[in-house]
Amino acid sequence: MSILTPTSVEDHIISNLQNGPLLIVDLIERIQQKRPHTTKQGVYLIIRRLKTEEVVVVHKKTISLSGVWLASMTEFLTLANHNTLRTTSFNNSFLDLKDGERLQYSFKNPILTDAFWSHVFISLVYVSVPEHPILIYNPHEWFLIARTENETSLFQRIYNRGQKLAVLAGHATPLDKAVRVHFNGKDGMYETPTELPFPKTNYYINVIGDFVIEAWLDVNMTEKIETFYIHTSTLDDSAKMQLEQILMHKGRNKFSISHNKRKADVIRRKFKKYFFL
């Protein structure tokens with residue numbers, strides 16, 4: 001497979017889906033522009049195989065990369081990258097941050113933010129102590145609506161380590177409460193307090209051991225997310241598609257990783273108001 005310099009039909013399918021879902025007819029047109037002699041039947045044949053292998057997902061004539069496959073690839077690359085870097089060099093990656101040190105990144109595309117976020121999250125989970133619960137605060141847990149497979153796959157990796165997970169949402173709208181079905185209340189805990197635990201509605205935070213991940217999503221996109229949650233009470237395909245379109249909005253997204261035991265302990269104390277940790 002050569003995604004960066006695609007040659008086969010399979011390569012072109014995955015490469016084109018890197019930027020998000022496409023109508024299958026549009027995907028075929030793009031591939032035929034690069035490979036003029038490629039037939040529509042040939043593309044459909046490869047799509048059926050990739051669907052069977054759970055590399056892609058097809059829904060209502062639209063195709064996208066499978067969140068489960070992306071999570072698996074991320075896990076593989078994360079471990080390979082981590083083990084290679086650890087044995088070949090001492091660099092300034094986030095895994096090597098000393099207590100009190102911090103790295104910050106900026107992304108214009110929320111998809112890139114989410115992809116890098118997942119990469120960092122998995123990396124830190126695998127070097128954390130399983131006895132310490134993973135803590136997540138999201139103003140809204142929209143990841144379980146728009147990125148269901150990816151989010152539940154990340155959670156399962158935590159559970160498989162014998163590690164607990166506590167997710168705190170900042171609101172208690174019907175959609176915020178609806179995602180509670182993804183938590184069993186034992187390994188995975190979820191609460192929707194009536195008051196906002198953190199002041200900014202675009203602020204997200206994860207605590208993994210003594211590492212703290214913080215993200216500030218684009219303000220305009222955040223306003224659209226808030227409006228969506230206020231005016232949407234039923235989770236169906238139409239609502240999910242609407243949310244996905246909001247998340248395609250480009251803007252300023254900041255992301256930071258810090259190794260800060262004191263800050264992690266402060267946040268852990270705040271979580272203990274809502275969870276038995």
Side-chain angles (χ1 to χ4, degrees), residues 1-82 84-85 105-123 142-143 145-154 217-218 220-221 224 228 236-253 255:
M1 184 182 294
S2 179
I3 299 172
L4 297 179
T5 55
T7 54
S8 68
V9 173
E10 178 179 343
D11 294 343
H12 279 282
I13 290 173
I14 295 174
S15 179
N16 275 283
L17 295 179
Q18 180 185 20
N19 293 322
L22 285 171
L23 289 170
I24 293 178
V25 292
D26 292 338
L27 174 63
I28 292 173
E29 183 179 341
R30 292 188 184 191
I31 293 174
Q32 288 177 333
Q33 288 175 355
K34 298 291 185 181
R35 301 176 89 253
H37 301 294
T38 303
T39 64
K40 180 169 67 174
Q41 292 78 8
V43 177
Y44 272 107
L45 180 66
I46 301 299
I47 288 176
R48 282 196 292 272
R49 178 170 65 78
L50 293 176
K51 185 179 176 182
T52 301
E53 295 172 354
E54 296 186 342
V55 174
V56 301
V57 175
V58 177
H59 179 67
K60 292 185 177 180
K61 300 181 180 180
T62 298
I63 182 172
S64 62
L65 293 174
S66 164
V68 172
W69 180 75
L70 286 172
S72 298
M73 291 298 293
T74 300
E75 180 181 354
F76 172 80
L77 293 173
T78 294
L79 290 174
N81 180 61
H82 171 60
T84 300
L85 292 177
Y105 306 83
S106 294
F107 299 95
K108 291 184 178 179
N109 189 322
I111 294 176
L112 293 177
T113 308
D114 189 32
F116 185 67
W117 196 338
S118 296
H119 165 71
V120 173
F121 188 90
I122 290 175
S123 300
W142 53 259
F143 302 90
I145 298 176
R147 307 278 192 271
T148 310
E149 291 182 346
N150 185 61
E151 191 78 344
T152 54
S153 179
L154 290 178
L217 298 191
D218 180 74
N220 292 328
M221 185 181 75
K224 295 179 186 296
F228 170 79
D236 53 22
D237 289 342
S238 175
K240 183 175 181 179
M241 187 174 296
Q242 183 183 349
L243 178 59
E244 288 173 347
Q245 290 173 347
I246 292 172
L247 296 172
M248 293 297 292
H249 176 85
K250 292 186 179 180
R252 297 173 60 85
N253 301 282
F255 185 93

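Only a predicted model underlies this, so the values are computations on that prediction, with no experimental measurement involved.
Taken from CD in Q242 to CG in D236, the straight-line distance is 9.5 Å, to the nearest 0.5 Å. To the nearest 0.5 Å, atoms CD (Q33) and CD1 (I28) are separated by 12.5 Å. From L27, atom CG reaches atom CG of L17 across 5.5 Å, with rounding to the nearest 0.5 Å. For the atom pair R30 CZ and I13 CD1, the distance stands at 13.0 Å (nearest 0.5 Å). K34 contributes atom NZ, which lies 13.5 Å from atom CG of D11 (distance to the nearest 0.5 angstrom). Rounded to the nearest 0.5 Å, atoms NZ (K224) and CD (Q245) are 11.0 Å apart.
The two residues K40 and Q32 come nearest to each other via the heavy atoms N-NE2, 3.9 Å. Taking every heavy atom of both residues into account, D218 and G251 meet most closely at OD1-CA, 3.3 Å. Counting all heavy atoms, side chain and backbone alike, I145 lies closest to T148 at O-OG1, 3.3 Å.
Taking the side chain to side chain donor-acceptor pair (under 3.5 Å) definition, one finds that Q41 meets it with nothing, sequence neighbours left out. By the ring-ring contact (aromatic ring centres under 6.0 Å, His included) test, F121 is found to be paired with no residue, residues two or more places apart in sequence or in another chain being considered. Residues satisfying the side chain to side chain donor-acceptor pair (under 3.5 Å) criterion with R49, sequence neighbours excluded, are E10, E53.
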* Asked: So V58 and T62, side-chain contact (heavy atoms from CB on, under 4.5 Å) or not? Walk me through it.
  -> CA-CA 6 Å; V58 177; T62 298; over 6 Å; no

* Please lay out, stage by stage, how L154 and F143 fare under the test side-chain contact (heavy atoms from CB on, under 4.5 Å). => CA-CA 11 Å; L154 290 178; F143 302 90; over 6 Å; no

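A side-chain donor-acceptor contact under 3.5 Å links T52 to the backbone of R48. For the pair D26 (side chain) and L22 (backbone), a donor-acceptor distance under 3.5 Å is absent. Remark: side-chain polar atoms of S66 are paired, donor with acceptor, to backbone N or O of E54 under 3.5 angstrom.
Residues Y44 and T39 are not in side-chain contact: their nearest non-hydrogen atoms beyond the backbone lie 4.5 Å or more apart. Here the side chains of R35 and V9 are in contact, with some heavy-atom distance below 4.5 Å. L217 is not listed as a side-chain neighbour of R252, based on a closest heavy-atom distance of 4.5 Å or more. Within the 4.5 Å cutoff, no side-chain heavy atoms of V57 are placed close to those of K51.
Taking the six-membered ring for Trp and the full ring otherwise, W117 and Y105 have centroids separated by 6.0 Å or more.
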